[in-house]
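Remarks on the structure that follows.
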Protein chains: 2
Amino acid sequence: MNGAHKREFKDQLFEQFARIGKSVANGHRLEILELLAQAPRTVEDLAREAGLSVANASQHLQVLRRCNVVSVKRNGLYAYYGLASEDVLTLCRVLRRLGEKHLAEVQRLVDAYLTSRQRLEPISCEELLRRIREKAVWVLDVRPRQEYEAGHIAGARSIPLAELKARLKEIPRRKQIVAYCRGPYCVFADEAVAVLSSRGYRAVRLREGFPEWKSRHLPVEAGPGVP
Amino acid sequence: MNGAHKREFKDQLFEQFARIGKSVANGHRLEILELLAQAPRTVEDLAREAGLSVANASQHLQVLRRCNVVSVKRNGLYAYYGLASEDVLTLCRVLRRLGEKHLAEVQRLVDAYLTSRQRLEPISCEELLRRIREKAVWVLDVRPRQEYEAGHIAGARSIPLAELKARLKEIPRRKQIVAYCRGPYCVFADEAVAVLSSRGYRAVRLREGFPEWKSRHLPVEAGPGVP
DNA sequence: CGATTATTCAATAGAATACTTGAGCATTTG
DNA sequence: CAAATGCTCAAGTATTCTATTGAATAATCG
């Protein structure tokens, strides 16, 4: 292989890898991937949750599909999109770590939007696991039911944030409550902790979300769970 | 935090993480990062090695610098660029794994440009480490000297590919030779193995390159090494 | 100091991307 | 079968990205 061929090979190879880079070079696509990390979804659901028009969401999904980072399964009228592999999540997580580490703007945003009270003492996955084993904790999944059913921390109960105030009586007063949601920047758990704390429950949030828990191969379940 | 604020927060946060994505959304930038993973370099060196004009390379470096994935240290007339952190390498590696897994084009390129003979039985880092401990192998770094000096596999000798034919007599005839270079898609080691094999040496290549070896915390050295 | 060198900057043209609108297609429902 | 639904596609426009050119800057050398 001579110089010109080497150049051509390298250029084409790096261009291919850059295609994967391009797929995560847009905020809306990152949000779509984060949503898909919770549970497969239809285009309409994704569009609504990410604040996009359906056509626009569909286009972003096509971009992701063209480099096979998402998969699609058609079922009747609906197209269910999902992540193509666990590696896609890894990519998003590395991106997040780099952002936290190297972009001052990220810290600024967190400081600006999340009040310090909301960020009080979250616990880690390891700590939660320890407390679950000691049966010293009541684990609460505050994501939408669909996401809970697609997979949740083993033993966790589901009370979507929207229903929380109406279902307080299901929650034990004595035990410590650990609420979790989609990930470290999702505010569902923060808001749940705020509601519970103000009602006198002992509640904290899990720092991470379900995808992180799962990717560490900690115990998970799927399905409707306990009532 | 109400709905509109949530939306704003999410949009801005994901946009920040997407900035990191944008930094790896271009083949030339990926090549630059791969080069920087070997050793810090000046703009001119990078431009030459990546086949770019100096101004263009400089612009790409500015893009990388704006999101702090590369660092720069000025020394007299020269600006030495380097990777900002180990995480940047992780990002590149995840991108590569996803590309290999999900883009058929990558396999097609490898098949088209690398002859099967060049890809014969590379050995893994673990295997190499085992053989080094048994002193059953002579490890050869065929990267440019500058990269060798910035860091190499502990005990490896440096013979840059360009000098290999002239320095064959330094290489032992009896021992097995393991040549390594920048990474799995770098052809330096392939070509070295081809040269050595045709001269009757027993030579194979390491599947990975030095950055992968280092990131696994296997033994490394830096400096001029043994003569 | 003026010339040289390495790098960056500014301006530009052309390519690619993002979002909207409205139409089109396939499947299901009444 | 017609209407409704969920999704995709095509076209148009605004924006962003890329590479080139030539000038500007800044450190070094004679």
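Chain identifiers are assigned alphabetically (A, B, ...) following the order of the sequence lines, protein sequences preceding nucleic acid strands; residue numbering begins at 1 within each chain.
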Practice task
Ignoring backbone atoms, test whether B:N26 places a side-chain nitrogen or oxygen under 4.0 Å from the OP1 or OP2 oxygen of D:dC17.
Solution key: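 No.
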
Exercise for the section: Would you tell me if any nitrogen or oxygen in the side chain of A:R29 comes within less than 4.0 Å of OP1 or OP2 on C:dT17? Expected result: no

If you check the [X] side chain, which of [options] turns out closest?
{"X": "B:N56", "options": "D:dA19, C:dT7, D:dC7", "result": "D:dA19"}
{"X": "B:R74", "options": "D:dT8, C:dT8, D:dC7", "result": "C:dT8"}
{"X": "B:A55", "options": "D:dA27, D:dG22, C:dT21", "result": "D:dG22"}
{"X": "A:Q62", "options": "C:dC9, D:dT20, D:dC9", "result": "D:dC9"}

Practice task
Under 4.0 Å between any heavy atoms, over every strand shown, what does A:Y80 touch: base, sugar-phosphate, or nothing? Just pick one.
Solution key: nothing

Exercise for the section: Tell me what A:R65 touches on the nucleic acid: a base, only sugar-phosphate, or nothing, going by heavy atoms under 4.0 Å. Expected result: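 No contact at all - A:R65 keeps every heavy atom at 4.0 Å or more from the nucleic acid.
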
Rounding to an integer number of Å, can you tell me how far [X] [atom1] sits from [N] [atom2]?
{"X": "B:R66", "N": "C:dC9", "atom1": "CZ", "atom2": "P", "result": "8 Å"}
{"X": "A:H28", "N": "C:dT17", "atom1": "NE2", "atom2": "P", "result": "16 Å"}
{"X": "B:L77", "N": "C:dT4", "atom1": "CG", "atom2": "P", "result": "14 Å"}

Residue pair [X] / [Y], side-chain donor-acceptor N/O under 3.5 Å:
{"X": "B:E208", "Y": "B:Y180", "value": "no"}
{"X": "B:H152", "Y": "B:S158", "value": "no"}
{"X": "B:S215", "Y": "B:R93", "value": "yes"}

Exercise for the section: Using heavy atoms to find the nearest nucleotide of DNA chain D for B:G76 and A:E44 separately, return the residue whose nucleotide is more 5′. Expected result: A:E44

Exercise for the section: Starting from the 5' end of DNA chain C, give me the residue, B:Y78 or A:H60, whose nearest nucleotide shows up first. Expected result: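 The residue closer to the strand's 5' end, by nearest nucleotide, is B:Y78.
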
Practice task
For the residue pair B:F14 and B:F17, categorise the inter-ring angle as parallel (less than 30°), tilted (30 to 60°) or perpendicular (more than 60°).
Solution key: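 Rings of B:F14 and B:F17: perpendicular, as their planes differ by over 60°.
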
Exercise for the section: Test for a donor-acceptor pair under 3.5 Å between the base of D:dT20 and the side chain of B:Q59, counting only N and O atoms. Expected result: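 Pair found.
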
